[in-house]
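Just so we're clear, the structure is a prediction, and the values are computed from it rather than from any experiment.
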Amino acid sequence: FQAEDGIRDVAVGLVGSEMCIRDRITAEQIDALPVTTVSDILRGRTLGLTVTGSPAQPGAGANLTIRGLNSITGRNQPLIYIDGVRMLEGQYETGSGNSVGATALGSIDPRDIERVEVIKGAAASTLYGSEASAGVIQIFTRRGRAGAPRWTFNMDQSISDVGHIGPDADPTGLQINDCATRGPFWPDSIPLDPTCPSSGSWVKLGYGQRYDLNVRGGSDDMTYYLSSGYNRETSTVNAPRGGAQQFTLRSNFQFNGFEDLQLRLNSSFSRSDIEWIPNGDNWEGLMRNVATLWDDNTDNRDALVFDKEEDHYINHFNFSGNINWNPLDNFRHRVNVGMD
């Protein structure tokens, strides 16, 4: 049976002796949400799915787990499929030991998504094998529709503000919000950081902008969906580097002119350029060195952490082909091929 509410379309069934739940988020719901990533779509809208590691830096992705940590030694992250092709799950590694990293999931433009389905319980393992014990996230991208070309343009602008850091008793925010003024924990005998920015703060406003343009249309024999997008974010850290930009392209075609046969071709490409700022709870992290005041790893010259540069240039290509053959009313065959 199916139960519908304003947020999810939940299908409940029995597999063996366990209950499995498939959560569905549709394009209409996504268009109404102020989201910039696929992780934002899933956050708080799917039962049992936990989204952790919110992007502290532009370009950073989140970790996804379903029903918590399933095993000490086994996998804890769900499998990710887009149009029937498996994608890399988890974060790309960074060389500096940052606590954040980019993800392949972050290369998908949310405006290209037709629906997202999350499969949990025994049904996930039944359909996708033992690797799917932590669940499966299925992403289906938008299709064309027969008719005249229909163009859509979206523009999103955003501002990020870190706010006050640390205890209320310290108006300087552990010298992060104000590094030009002595806080209650800074001894008078030790000079202030000479590399403090001219603004007097290690944080600033971050800006984000996203532009998406797509067109869909076609005839009864062939439909198409084409899209392009550009996204750029600046860091909230007052640094000479830091930020991310991304460019995406997608083309989806569906051919219906064959007898009892339907062919779908989906392809996408994304290019991400990310400038990381050393951060996190490591000796090279900016916030850690600033917050530990004079007893740090930079000898009270915290801007030295910017001398270490680490950039990510990620090219992500995804292709899938779906063949549906329906020779009889009670017989249907489907073949998926693809590459990520």
Side-chain angles (χ1 to χ4, degrees), residues 27 30-31 33-42 54-62 80-83 85-94 98 100-114 116 139-144 149-160 206-217 224-237 239-253 265-277 309-320 338-340:
I30 295 173
D31 289 340
L33 299 173
V35 298
T36 59
T37 65
V38 180
S39 301
D40 293 337
I41 297 174
L42 298 171
S54 57
Q57 295 194 49
I80 301 175
Y81 283 82
I82 176 168
D83 292 327
V85 179
R86 182 173 171 179
M87 292 178 56
L88 176 71
E89 60 273 357
Q91 296 180 344
Y92 297 112
E93 294 183 0
T94 60
N98 275 337
V100 295
T103 62
L105 193 64
S107 66
I108 303 175
D109 190 336
R111 301 300 180 186
D112 288 338
I113 297 178
E114 183 70 30
V116 180
I139 300 173
F140 302 90
T141 57
R142 302 196 180 197
R143 311 286 180 193
R150 179 178 179 182
W151 295 83
T152 304
F153 176 73
N154 296 287
M155 179 178 66
D156 300 319
Q157 305 288 317
S158 62
I159 298 177
S160 302
Y207 297 95
Q209 52 185 322
R210 176 183 288 274
Y211 307 93
D212 298 288
L213 177 66
N214 65 67
V215 60
R216 68 198 311 176
Y224 60 87
Y225 173 85
L226 305 172
S227 73
S228 63
Y230 176 75
N231 178 32
R232 181 175 179 84
E233 297 178 86
T234 62
S235 176
T236 56
V237 177
R241 55 184 284 106
Q245 63 178 350
Q246 183 183 73
F247 178 72
T248 60
L249 287 173
R250 171 168 291 280
S251 62
N252 292 349
F253 295 92
L265 298 176
N266 313 297
S267 62
S268 67
F269 172 79
S270 72
R271 164 75 180 201
S272 301
D273 297 347
I274 307 172
E275 290 185 349
W276 297 110
I277 295 176
E309 298 183 0
E310 181 180 1
D311 302 330
H312 263 172
Y313 305 103
I314 304 171
N315 296 302
H316 185 188
F317 177 77
N318 182 281
F319 168 80
S320 66
M339 177 183 66
D340 185 78

In Å and rounded to the nearest 0.5 Å, what is the [atom1] to [atom2] distance from [X] to [Y]?
X      : Y      : atom1 : atom2 : value
Asp311 : Asp273 : CG    : CG    : 8.5 Å
Asp112 : Ile30  : CG    : CD1   : 10.5 Å
Arg232 : Phe247 : CZ    : CZ    : 15.0 Å

Can you check whether [X] reaches [Y] side chain to side chain, under 4.5 Å on heavy atoms?
X      : Y      : value
Ile274 : Glu310 : no
Leu265 : Tyr224 : no
Asn214 : Arg150 : no

Any carboxylate oxygen within less than 4.0 angstrom of a Lys/Arg side-chain nitrogen, looking at Asp212 and Arg142? no
With the threshold set at 4.0 Å, does a side-chain nitrogen-carboxylate oxygen contact exist between Asp83 and Arg143?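 Yes, this pair counts.
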Going by the side chain to side chain contact (heavy atoms under 4.5 Å, CB included) test, name the single residue among Thr248, Asp109, Ile108 that passes it with Ser270. Thr248
Establish, from distance only, whether the side-chain atoms of Asn252 and Arg250 form a donor-acceptor pair under 3.5 Å. yes
Any side-chain donor paired with an acceptor under 3.5 Å for Ser320 and Asn266?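 Indeed, the side chains of Ser320 and Asn266 share at least one donor-acceptor pair under 3.5 Å.
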Whether [X] side chain and [Y] backbone form a donor-acceptor pair below 3.5 Å:
X      : Y      : answer
Glu114 : Thr141 : no
Gln57  : Gly242 : no
Thr234 : Tyr207 : yes

Count the heavy atoms belonging to other residues, nucleotides or ligands that lie under 6.0 Å from CZ of Arg241, then report whether that count exceeds 12.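 For Arg241, atom CZ is crowded (more than 12 foreign heavy atoms under 6.0 Å).
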Using the side chain to side chain contact (heavy atoms under 4.5 Å, CB included) rule, take Ile277 and Ser235 through it: C-alpha gap first, then chi angles, then the decisive distance, then the call. CA-CA 9 Å; Ile277 295 176; Ser235 176; 3.6 Å; yes
Sort out for me which residue in Gln209, Gln246, Gln245 forms a side-chain hydrogen bond (donor to acceptor under 3.5 Å, both in side chains) with Tyr230. Gln245
Kindly assign one of parallel, tilted or perpendicular to the pair Trp276 and His312, based on the angle between their ring planes and the thresholds 30° and 60°.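 Judged by the thresholds at 30° and 60°, the geometry between Trp276 and His312 is perpendicular.
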Could you walk me through whether Tyr211 and Gln157 pass side chain to side chain contact (heavy atoms under 4.5 Å, CB included), step by step? CA-CA 9 Å; Tyr211 307 93; Gln157 305 288 317; 3.2 Å; yes
Apply side chain to side chain contact (heavy atoms under 4.5 Å, CB included) to residues His316 and Asp340 and explain how you reach the verdict. CA-CA 8 Å; His316 185 188; Asp340 185 78; 2.8 Å; yes
Does the pair Phe319 and Val85 meet the rule for a side chain to side chain contact (heavy atoms under 4.5 Å, CB included), with working shown? CA-CA 8 Å; Phe319 168 80; Val85 179; over 6 Å; no
